[in-house]
Protein chains: 2
Amino acid sequence: MATSAPEPRTPRAQQIVEVALELLETQGHDALSMRRIADRIGIRAPSLYEHVPDKRALEAAIISVGFERLADAFEAATAQPGDPLDRTARVYRSFAAAHPHLYRLMTARELHRELLTPGVEDRAGRTLYEAAGRDADLARAAWAFAHGMTILELDNRFPAGADLDAAWERGLAAFRSQR
Amino acid sequence: MATSAPEPRTPRAQQIVEVALELLETQGHDALSMRRIADRIGIRAPSLYEHVPDKRALEAAIISVGFERLADAFEAATAQPGDPLDRTARVYRSFAAAHPHLYRLMTARELHRELLTPGVEDRAGRTLYEAAGRDADLARAAWAFAHGMTILELDNRFPAGADLDAAWERGLAAFRSQR
DNA sequence: GTCTATAGTGGGATAGAC
DNA sequence: GTCTATCCCACTATAGAC
């Protein structure tokens with residue numbers, strides 16, 4: 001079910017990705033600089049380049065880990081009761097709530113797919129595809145809804161008093177009715 | 001119907017906002033620096049600060065203009081035929097397609113509402129609220145769907161062959177059925 | 001594998017003269 | 001209202017020594 005991520009080769013490279021991920025999760029994307037990553041490890045920034053080609057590749061490695069973890073969470077929830085669409089949405093929503101900065105990095109920018117661990121994006125997408133009754137158009141629409149709800153909430157775009165549980169439920173009901 | 005935006009006081013300040021908006025639309029957000037704005041006007045960057053308090057306020061002014069224009073487009077489309085929800089979605093989608101960088105600035109980040117022209121966000125939101133049958137939860141869910149479709153497309157997140165017209169239609173049908 | 005030194009680039013913003 | 005001069009910040013990345 002869960003796969004062990006085929007993460008970078010050497011222990012040092014792996015450590016860099018781990019440290020960078022933790023820095024991202026605690027401090028946000030703006031804090032994710034090569035200098036700060038190096039600081040946390042106890043080396044100088046230029047030394048990072050012996051282990052990681054450049055920053056884009058490092059971010060791609062973090063994103064790959066994120067997709068693995070999201071896919072793990074999706075697959076672990078298969079056992080849970082209820083409608084598959086609701087279940088998938090619940091996992092999606094709590095993943096984003098638990099890892100807001102990681103979620104943003106994973107979804108709220110253009111993606112350099114060629115730098116990702118191969119297949120990792122598809123694996124996370126498969127759960128939603130199944131939950132949408134293997135209807136690709138419906139799955140994309142439902143993903144757009146889930147991402148929209150998530151990112152608008154993270155960006156504080158809804159009015160202060162908005163009942164987001166209710167909005168989620170209305171949307172999910174809409175998509176369930178189409179399947 | 002359309003309101004004239006209560007834009008900045010002096011002609012110079014207004015020109016700065018116009019030039020900045022044009023720079024944003026043609027070159028994207030990364031190109032939107034005080035130096036480049038000044039270049040286009042033919043003055044030096046420090047002189048901008050005589051007319052605009054700082055960059056955040058300038059961006060907020062641009063965003064306000066964006067909301068005015070979106071609201072104008074929504075209201076102008078009231079005359080068009082078809083379901084209000086479809087009509088609103090069509091306008092939303094073409095606004096984003098026509099002004100991708102502006103759309104991103106308006107929606108894909110946290111919003112400093114206190115710097116916006118008062119009421120401008122509500123005015124744009126009202127059309128969707130009406131189209132959703134004055135159901136706030138449904139309107140928020142529909143907005144999330146529309147924003148998700150839009151921003152995921154702008155960020156090239158859908159697979160190469162994806163039929164986005166079909167995905168839009170599936171989502172809109174879902175929301176129509178709930179109203 | 002790590003270091004120092006540094007290049008190169010860009011950014012926002014202020015002080016004070018005119 | 002605009003200018004010059006400048007500060008201060010931060011970043012990615014490379015060269016070359018050890």
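Letters A, B, ... are given to chains in the order of the sequence lines, protein chains preceding strands, and every chain is numbered from 1. Since the structure is predicted, the reported quantities are computational estimates derived from the model, not experimental observations.
One atom, NZ of A/Lys55, and another, C1' of D/dA10, lie 11 Å apart when rounded to the nearest Å. A/Asp30 has its CG atom 18 Å from the P atom of D/dC9, to the nearest Å. Computed from coordinates, the A/Arg44 CZ to D/dA15 P distance equals 21 Å when rounded to whole Å. Rounded to whole angstrom, the span from the OH atom of B/Tyr49 across to the C1' atom of D/dT6 amounts to 14 Å. Atom pair A/Glu59:CD and D/dT12:C1' shows a separation of 12 Å (rounding to whole Å applied).
Bracketed by its first and final contacts, the part of DNA chain C lying under 4.0 Å from non-hydrogen atoms of chain A reaches from C/dT2 to C/dA5 in 5' to 3' order.
Ranked by how close their nearest DNA chain D nucleotide is to the 5' end, A/Pro53 and A/Ala31 are led by A/Ala31. Mapping A/Glu50 and B/Glu50 onto DNA chain D by nearest heavy atom places B/Glu50 at the nucleotide closer to the 5' end. If B/Arg35 and A/Arg12 are placed on DNA chain C by their nearest nucleotide, the residue sitting closer to the 5' end is A/Arg12.
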Can A/Arg140 and B/Asp163 be said to form a salt bridge (charged side-chain N to carboxylate O under 4.0 Å, His left out), step by step?
CA-CA 9 Å; A/Arg140 283 168 198 141; B/Asp163 183 347; over 6 Å; no
Steps toward salt bridge (charged side-chain N to carboxylate O under 4.0 Å, His left out) verdict (B/Arg126, B/Glu75)
CA-CA 10 Å; B/Arg126 188 150 302 130; B/Glu75 289 165 17; over 6 Å; no
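At a threshold of 4.0 angstrom between heavy atoms, the contacts of B/Ser33 are confined to the sugar-phosphate backbone, with no base atom among them. B/Arg36 comes within 4.0 angstrom of sugar-phosphate atoms only, judged by non-hydrogen atoms across all strands, and of no base.
Of the charged side-chain nitrogens involved, at least one lies within less than 4.0 Å of a carboxylate oxygen, so that A/Arg134 and A/Glu130 count as a salt-bridged pair.
At a threshold of 4.5 Å between non-hydrogen side-chain atoms, the residues A/Arg69 and A/Met106 do not count as touching. Counting only heavy atoms from C-beta outward, the side chains of B/Arg123 and B/Asp72 approach each other to under 4.5 Å.
Each salt bridge (charged side-chain N to carboxylate O under 4.0 Å, His left out) pair with one or both residues in residues 22-49 of chain B, not counting sequence neighbours, appears once here: B/Glu22-B/Arg40.
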